[in-house]
Amino acid sequence: MKAGNATLSGYGTTIFEAMSALAREHTAVNLGQGFPDDRGPLAVRRAAADYVVDGHNQYPPMMGMPGLRQAVAAHDRRFYGLEVDWQTEVLITSGATEALIDCFLGLLEVGDEVVMFEPAYDTYAPVIRRLGAIPRSVRLAPPAWSLPREELAAAFSPRTKLVLLNSPMNPAGKVFRRDELELLARLIEQHDAIAVCDEVYEHLVFGDAQHVPLMTLPGMRDRALRIGSAGKTFALTGWKVGYITAPAALLRPVTKAHQFVTFTTPPNLQHAVALGLGFDDAYFHGLGAPLARSRDRLAAGLTALDLPVLPGEATYFLVIDVERWLRPGEDDIAFCRRLVVDAGVVLIPMSAFYEASPPGHLVRACFCKEDSTIDAALLRLQTWVSRSR
Ligand code: PMP
Ligand code: GLN
């Protein structure tokens with residue numbers, strides 16, 4: 001029989017799925033895949049359940065239910081001062097994942113180049129390559145993950161169609177600063193390019209860090225597509241409700257992709273997310289502080305165990321430098337596999353976020369967990385550390 005698509009066949013099962021399966025197999029504490037212990041707001045969960053039981057279970061409108069599109073537009077006005085026409089500038093998707101793929105399908109041609117940043121979320125490059133487009137990755141260097149300005153400028157070419165920006169950034173926990181965004185905006189304008197902005201962690205930002213959507217910078221309103229996810233904003237990662245805000249001219253081709261990919265998203269979930277997006281400011285502003293406390297708890301415990309942590313100011317994730325714990329010739333993937341078996345703790349090797357030449361000594365830990373989960377992981381690591389010395 002003829003083979004499946006060569007590009008996609010070349011990739012393994014995603015690291016998140018693989019490591020969660022290992023966690024189940026070894027009853028390990030799972031600080032791998034990014035999902036919170038928090039069950040999400042009861043009112044939102046209740047609204048979804050009631051809507052199903054009340055019988056609203058047929059296809060909603062293709063672009064999304066009006067109530068949710070209005071709620072996304074109101075959210076964008078409230079938090080970012082964006083004036084958005086909910087009828088032509090908002091699209092509801094089945095998660096940010098579908099939103100991203102709709103953007104790639106709707107905007108890219110074979111041979112187009114996509115300027116993006118490594119470490120990069122694992123969905124991006126395979127899909128871009130599958131479409132015959134070419135990722136041009138700019139590497140951010142740990143520990144600060146700052147933007148190498150000359151390399152960024154050099155990554156652009158006349159064939160640059162898209163810039164793919166994930167801020168706040170998984171896995172680095174970096175929030176792009178305004179001056180970095182300004183540089184990016186200048187380059188995008190100079191090359192007449194389009195920005196796809198993965199902002200799923202928009203409200204999960206700590207301390208003084210502030211998330212600024214690229215779309216709010218001068219010149220970017222007409223060039224940017226902004227992607228959010230109810231999975232992150234309401235701690236409901238299994239729901240897969242995403243939203244795109246974009247100028248109508250850019251959203252139109254993306255909507256064409258959506259109509260052939262999923263066409264629509266479950267109505268009860270849309271209804272419930274609309275309710276959630278209407279919560280008062282305190283809900284959204286209150287999302288960062290408990291996560292920052294969890295990050296600090298995990299970071300302090302890891303540091304005390306001689307597992308140094310890189311700075312991060314957002315998302316569900318922190319990065320650990322495991323250099324001193326690697327066996328000769330061992331990379332981050334082998335290390336994470338050994339850790340599951342020997343320590344009973346699951347982490348994610350950072351090489352999952354690189355197409356080639358990953359750092360090899362960095363791993364990602366997820367901290368959106370109850371204190372008891374974090375403490376259980378630390379206790380297991382403590383036992384492992386004392387055995388390994
Ligand atoms: N982008 C990034 C950076 C992510 O970390 C994730 C993981 N949830 C997604 C997109 C996908 O979001 P969703 O679950 O809404 O598809
Ligand atoms: N975004 C989640 C993470 O980075 C995982 C999503 C997935 O499992 N595909 O851990």
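These figures come from a predicted structure and were not determined experimentally. Note that ligands are numbered from 1 as they come in the structure, with each ligand's atoms numbered from 1 the same way.
E370 pairs by the side-chain hydrogen bond (donor to acceptor under 3.5 Å, both in side chains) definition with nothing, not counting sequence neighbours.
E89 pairs in a salt bridge (Lys or Arg N to Asp or Glu O under 4.0 Å) with only one of the listed residues (R221, R77, R69), which is R221. A side-chain contact (heavy atoms from CB on, under 4.5 Å) with K232 holds for exactly one of T315, N170, L204; it is L204.
Residue contact check for ligand 2: T14 places no non-hydrogen atom closer than 4.0 Å to it. Within the structure, the closest approach of Y201 to ligand 1 falls below 4.0 Å when heavy atoms are considered. At least one heavy atom of F317 sits less than 4.0 Å from an atom of ligand 2. No heavy atom of E98 sits closer than 4.0 Å to any atom of ligand 1.
The contact set between ligand 2 and G34, taken as ligand atoms under 4.0 Å from a residue heavy atom, comprises 2 (C), 3 (C), 10 (O). Within ligand 1, counting atoms from 1 as listed, the ones closer than 4.0 Å to a heavy atom of N166 are 3 (C). Per-residue contacts place Q33 under 4.0 angstrom from the following atoms of ligand 2 (heavy atoms of the residue considered): 7 (C), 8 (O), 10 (O). Atoms of ligand 1 lying under 4.0 Å from any heavy atom of N170, numbered from 1 in the order shown and given with element: 3 (C), 4 (C), 5 (O). If you number the atoms of ligand 1 from 1 as listed, the ones under 4.0 Å from a heavy atom of G95 come out as 15 (O), 16 (O).
Considering backbone and side-chain N/O of R364, one or more are found under 3.5 Å from N/O of ligand 2. Checked by distance only, ligand 1 and S94 stay at 3.5 Å or farther apart across all their nitrogen or oxygen atoms. No N or O atom of V200 sits closer than 3.5 Å to an N or O atom of ligand 1. Where the criterion is an N or O separation shorter than 3.5 Å, residue side chain and backbone included, T237 fails it with respect to ligand 1. Note: no N/O pair closer than 3.5 Å links Y124 and ligand 1 by distance alone.
Among protein heavy atoms, the minimum distance from atom 12 (O) of ligand 1 is reached at A96 CB, 3.4 Å. For atom 8 (N) of ligand 1, the closest non-hydrogen atom of the protein is K232 NZ, 2.1 Å. For atom 14 (O) of ligand 1, the closest heavy atom belonging to the protein is K240 NZ, 3.1 Å. Remark: minimum distance from atom 9 (N) of ligand 2 to any protein heavy atom is reached at Y121 OH, 3.6 Å. For atom 9 (C) of ligand 1, the nearest non-hydrogen atom of the protein is Y121 CE2, 3.6 Å. Residue, atom and distance of the protein heavy atom nearest to atom 7 (C) of ligand 2 are F16 CD1, 3.7 Å.
The part of N170 lying near ligand 2 is the side chain, judged by heavy-atom distances below 4.0 Å. Counting heavy atoms closer than 4.0 Å to ligand 2, residue Y316 contributes nothing at all.
Ring-plane geometry between W384 and W325 is classed as tilted, the angle between the planes lying from 30 to 60 degrees on a 0 to 90 degree scale. Using bins of under 30°, 30° to 60° and over 60° for the plane-to-plane angle, the ring pair F104/Y124 lands in the perpendicular bin. A parallel orientation is assigned to the rings of Y80 and H203, their planes being inclined by less than 30° (bins at 30° and 60°). Between H75 and F79, the two ring planes are tilted [angle within 30° to 60°]. Between Y51 and H56, the two ring planes are parallel [angle under 30°; tilted spans 30° to 60°].
V385 has its side chain within reach of R389: a pair of non-hydrogen atoms, C-beta onward, lies under 4.5 Å apart.
Side-chain contact annotation: E113 with S157, donor-acceptor N/O pair under 3.5 Å present.
The distance from atom CG of L162 to atom CG of L108, rounded to the nearest 0.5 Å, is 4.5 Å.
A donor-acceptor contact shorter than 3.5 Å is absent between the side chain of R159 and the backbone of I134.
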Applying salt bridge (charged side-chain N to carboxylate O under 4.0 Å, His left out), run through K256 and D102 and close with a yes or a no. CA-CA 8 Å; K256 299 284 166 56; D102 292 347; over 6 Å; no

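Of all non-hydrogen atoms in T160 and A155, the two that sit nearest each other are OG1-O, 4.2 Å.
Around atom 2 (C) of ligand 1, the closest heavy atom drawn from I101, D122, D198, T97 belongs to D198.
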